[in-house]
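For reference, the structure discussed in these notes is given below.
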Amino acid sequence: MILVLISLISFWNVYGFSEEFDLRTLDGRTSIQGQIDFPENCSRQRYKAVFLVGGTGLYYRNMYLGLSGTKLDFIFKDLSEILTDKCVAVVRYDYRGVTCDLVDDDTIKACLDQEVRKEVDGETLLEDIQLVYDHAKNHRRINGKKIVVHAYSEGSLNISRLIKRKKMNPRGLVFVGGVTESAASLLQWQFVGRSVDQAFTMDTNGNGILSNFEILAGYQGSFFEKNEIPLLMLMSPSGIWNRFALEQSFNLQHTIVAKSVLATPSHFPYRHNDLVYASMGWWQTWFADSEPVVKKLANYSGPITYFNGTLDTQAPGRRQLNFLKNYTPRMKSTPRFNLVEGKGHLLSDHPEFGPLDLDLKEKVINAILKSF
């Protein structure tokens, strides 16, 4: 039996009150904390609810993922304030091992438990999402038949996996930066197609030939330096690359990395930016899962809505839309795909970070409300 510890904290601002929860994980190793924000001045016994699910990252319930320097950078907290004002309850939770928003080095030291994170894999991610979803579904003040899942990026992959397993059946799905293809094909594109595109931004004379001199000059501050990709991996043995040759090189590197990752014991830690991010079991899921998200959602009958930007460097909008258009098997619910020109992964001017542009945030909110 799952131990559920609940404490009520009432703070009368935009919320009627927030109810915090502390749920023992299914594997018994730790617990998942979070809160349900209930509306103010909405006299209902049971509320419709939105379950907010983040993507790849180390997120606290507020999902700090913006660059504006304002409260809007706390994406989920901001959305909750808006949705509760519209008489909708909002469910949000902390990732395993994260106890505050990781806004700087001090909070990382204080609020990130790397011992907990090293046990995170593809299955624990799904278990934790299901745990929180089930808690909300069975809550006495929530209408369990009227829960919409609003997920970002990798969150769309995880939600589709749970729906395929028939572990959840929400009223509707609204994805931002969501995926239509498979995890493996998206990762392969990130390794190869994205890398080629990013490399040729260093082709300063625009002649379609990338020289080692241009790579040396352009590496500092580049996509590759920011993502800890060594300079030597980019250098050409002949001194120059054309796009085809560089693509072949990255394809070979992807094959080598995939074999190495899949051969590594799954309990080994996966490190990123000198932090234990998860276990190798999580990283292996990206290479091993070749089933498209839309196939996982084939038997789901609720509304499915995507918002993807054309400047997105994680799950490019046009790529995801093209995959959906070319996907021929029948789905019970045909996704509505919103291709947003000139916006990135979180529907802002930045390719990766938020906050969401105000007009687009309103459209996302409206899509959520219509999904009920």
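No more than 12 heavy atoms of other residues, nucleotides or ligands lie within 6.0 Å of NZ in K137, so this atom counts as exposed by the packing criterion. Heavy atoms from other residues, nucleotides or ligands lying under 6.0 Å from CD of E228 number more than 12. Within a 6.0 Å radius of CG in D274, no more than 12 heavy atoms belonging to other residues, nucleotides or ligands are found. At most 12 non-hydrogen atoms from other residues, nucleotides or ligands lie less than 6.0 angstrom from NZ of K118.
Nearest heavy-atom pair, V98 versus Y60, reported as atom, atom and distance to 0.1 Å: CG1-N, 3.8 Å. The nearest pair of heavy atoms linking F21 to R92 is CZ-O, 3.7 Å. Nearest heavy atom pair, residue D312 against residue G317, reads CB-N, 4.3 Å.
Using bins of under 30°, 30° to 60° and over 60° for the plane-to-plane angle, the ring pair F38/Y47 lands in the tilted bin. Note on ring orientation: taking the six-membered ring where Trp is involved, the planes of Y270 and H272 are parallel (angle under 30°, cut-offs 30° and 60°).
For Q220 and S222, the side-chain atoms include no donor-acceptor pair closer than 3.5 Å. In this model, a donor atom of one side chain and an acceptor atom of the other lie less than 3.5 Å apart for S153 and H345. With no hydrogens or angles considered, no side-chain donor-acceptor pair links T84 and D37 at under 3.5 Å. Side-chain N/O atoms of E19 and H139 include a donor and acceptor closer than 3.5 Å. For the residue pair S279 / D121, no side-chain donor-acceptor distance below 3.5 Å is found, with atom types taken as modelled. Remark: the W241 side chain and the Q248 side chain contain no N/O donor-acceptor pair separated by less than 3.5 Å. Side-chain contact check for N212 and S236: no donor-acceptor pair (N or O, by modelled atom type) lies under 3.5 Å. Counted by atom type alone, Q320 and T180 present one or more donor-acceptor pairs between their side chains at under 3.5 Å. Residues N158 and R161 have side chains that bring a donor and an acceptor to within less than 3.5 angstrom of each other.
Checked against a 6.0 Å centroid threshold, the rings of Y277 and W283 do not count as neighbours.
Follow the hydrophobic side-chain contacts under 4.5 Å out from F76 and you reach I82 in the same cluster. Note: the hydrophobic cluster containing L321 also contains V364 (ILVMFWY, side chain heavy atoms under 4.5 Å, direct or indirect links). Taken together through direct or relayed side-chain contacts under 4.5 Å among Ile, Leu, Val, Met, Phe, Trp and Tyr, Y95 and I32 form part of one hydrophobic cluster. Cluster annotation: L79 is connected to L67 through the hydrophobic network of ILVMFWY side chains, with a link wherever side-chain heavy atoms come within less than 4.5 Å. The cluster map of Ile, Leu, Val, Met, Phe, Trp and Tyr, joined by side-chain heavy atoms under 4.5 Å apart, puts W189 and L187 in the same cluster.
Cation-pi geometry between R336 and Y306 is not met: the NZ or CZ atom fails to fall both under 6.0 Å from the ring centre and inside 45° of the normal. Remark: K146 fails to qualify as a cation-pi partner of F372 under the 6.0 Å distance and 45° angle criteria applied to the six-membered ring. For R243 and F200, the positive end sits near the middle of the six-membered ring, less than 6.0 Å away and at most 45° from its axis.
In this structure the side chain of F175 never reaches within 4.5 angstrom of the side chain of L157, judged on heavy atoms. The side-chain heavy atoms of Q188 and S185, taken from C-beta on, include no pair separated by under 4.5 Å.
Judged by distance alone, the side chain of D94 and the main-chain N or O of R61 form a donor-acceptor pair under 3.5 Å.
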